[in-house]
Amino acid sequence: MNNSLGETLRHLRIQKGLSQQQCADLIHVDRSSIANWETGRRMPDADMLAQISNALNVDVSYLIGLSYKQETEINVIMVDDERIILTGGIPVIQRVLPDASVNGFIKPSEALNFARENKVAIAFLDIEIGKVSGLSLCQDLLTINPLTNVIFLTAYAEYSLDAWDTGACGFLLKPISDVAVKKQLAKLRHPFHGGENT
């Protein structure tokens, strides 16, 4: 294990707005442990890796560099049955994530086919997509890849409570904006390199 763990830990800590002391308090260690891990002077053992991943809400595989960090392309999808929402939303996502490949889908079945063939880092889903529920589409996407970050889109705030029960990591009101998307990226359950708030 090289210092990619230290770099990842530092990146996650900063992304979540934590000082080394605050991070240490979350994990129940002293601040010098965090400093040593981030610089690569020391490495946490397996039990401590589990504590770190729980405290920072990421998979251990991400911490040690085995998940999205190795992907060459970041795939992002947006699914909405209104073409005007896709037309307005996709450029916003492309501005916020310039290194990502962003694909829009009107039909949930096409989004699922894409997800079966490509690892999707983030899925922006309308809650009502014609006759299909975005909530069930979320479950299907997470079955294909549990590391997909799902962010729901809706014009109706009252749907937000149902959305939180699905494994989603975010919720945005339409129309989306650069600022709102950036705020959601800071809350991803499964962060990935290239998805940082820049």
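Hydrogens, waters and symmetry mates play no part in the numbers below; they use all other heavy atoms, side chains included.
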Engineer: Side chain of Gln22, backbone of Ser19: donor and acceptor closer than 3.5 Å?
Structural biologist: yes
Engineer: Give the C-alpha distance, both sets of side-chain angles, the deciding distance and a yes or no for side-chain contact (heavy atoms from CB on, under 4.5 Å) between Ile122 and Leu185.
Structural biologist: CA-CA 9 Å; Ile122 307 176; Leu185 293 181; 3.4 Å; yes
Engineer: What verdict does the side-chain contact (heavy atoms from CB on, under 4.5 Å) test give for Phe105 and Asp81, after you've listed the backbone C-alpha separation in whole Å, the side-chain angles of each residue and the deciding distance to 0.1 Å?
Structural biologist: CA-CA 8 Å; Phe105 300 96; Asp81 59 344; over 6 Å; no
Engineer: Working to the nearest 0.5 Å, report the span between CD1 of Ile93 and CD of Gln184.
Structural biologist: 11.5 Å
Engineer: To the nearest 0.5 Å, what is the distance between CG on Asn103 and OG on Ser101?
Structural biologist: 4.5 Å
Engineer: Which heavy atom of Cys23 sits nearest a heavy atom of Ile34, and at what distance?
Structural biologist: SG-CD1, 3.9 Å
Engineer: Any side-chain heavy atom of Phe124 within less than 4.5 Å of one from Val181?
Structural biologist: yes
Engineer: Calculate, to the nearest 0.5 Å, the distance between atoms CG and CG belonging to Asn75 and Asn118 respectively.
Structural biologist: 5.0 Å
Engineer: Compare all side-chain heavy atoms of Ile85 with those of Met78 and state whether any distance is below 4.5 angstrom.
Structural biologist: yes
Engineer: Looking only at non-hydrogen atoms, find the nearest pair between Leu5 and Pro44 and report the distance.
Structural biologist: CD2-CD, 4.0 Å
Engineer: Is it possible for you to say whether Ile151 and Val132 belong to one hydrophobic cluster, with membership spreading through side-chain heavy-atom contacts below 4.5 Å?
Structural biologist: no
Engineer: Do Leu141 and Val120 have side-chain heavy atoms sitting under 4.5 Å apart?
Structural biologist: no
Engineer: How long is the straight-line distance from OG1 of Thr39 back to CZ of Arg10, given to the nearest 0.5 Å?
Structural biologist: 11.0 Å
Engineer: Where do Thr148 and Leu142 come nearest, in terms of heavy atoms and distance?
Structural biologist: O-CD2, 3.3 Å
Engineer: Output the distance between atom CZ (Arg116) and atom CD1 (Ile144), rounded to the nearest 0.5 Å.
Structural biologist: 4.5 Å
Engineer: Starting from the C-alpha separation in whole Å, work towards a yes-or-no answer on side-chain contact (heavy atoms from CB on, under 4.5 Å) for Leu135 and Phe152.
Structural biologist: CA-CA 9 Å; Leu135 305 180; Phe152 282 110; 3.6 Å; yes
Engineer: Looking at every non-hydrogen atom in both residues, tell me the closest pair between Gly88 and Val92 and how far apart they are.
Structural biologist: O-CG2, 3.5 Å
Engineer: Is it true that Lys174 and Asp126 make a salt bridge, defined as a side-chain N closer than 4.0 Å to a carboxylate O?
Structural biologist: yes
Engineer: Nearest 0.5 Å, please: how far is CG in Leu125 from CG in Asp80?
Structural biologist: 9.5 Å
Engineer: Within the 4.5 Å heavy-atom criterion, are Glu7 and Glu38 side-chain neighbours or not?
Structural biologist: no
Engineer: Under 3.5 Å, is there a donor on one side chain and an acceptor on the other for Asp25 and Gln21?
Structural biologist: yes
Engineer: Side-chain donor-acceptor pair under 3.5 Å between Ser33 and Asn36, yes or no?
Structural biologist: no
Engineer: Are Leu97 and Val179 in one and the same hydrophobic cluster, where Ile, Leu, Val, Met, Phe, Trp and Tyr link if side-chain heavy atoms are under 4.5 Å apart?
Structural biologist: no
Engineer: So which heavy atom on Ala121 is nearest to which on Ile74, and how close?
Structural biologist: CB-CG2, 3.9 Å
Engineer: Report the C-alpha separation of Val29 and Trp37 in whole Å, then their side-chain angles, then the decisive distance to 0.1 Å, and conclude whether the side-chain contact (heavy atoms from CB on, under 4.5 Å) test is met.
Structural biologist: CA-CA 12 Å; Val29 296; Trp37 296 335; 4.2 Å; yes
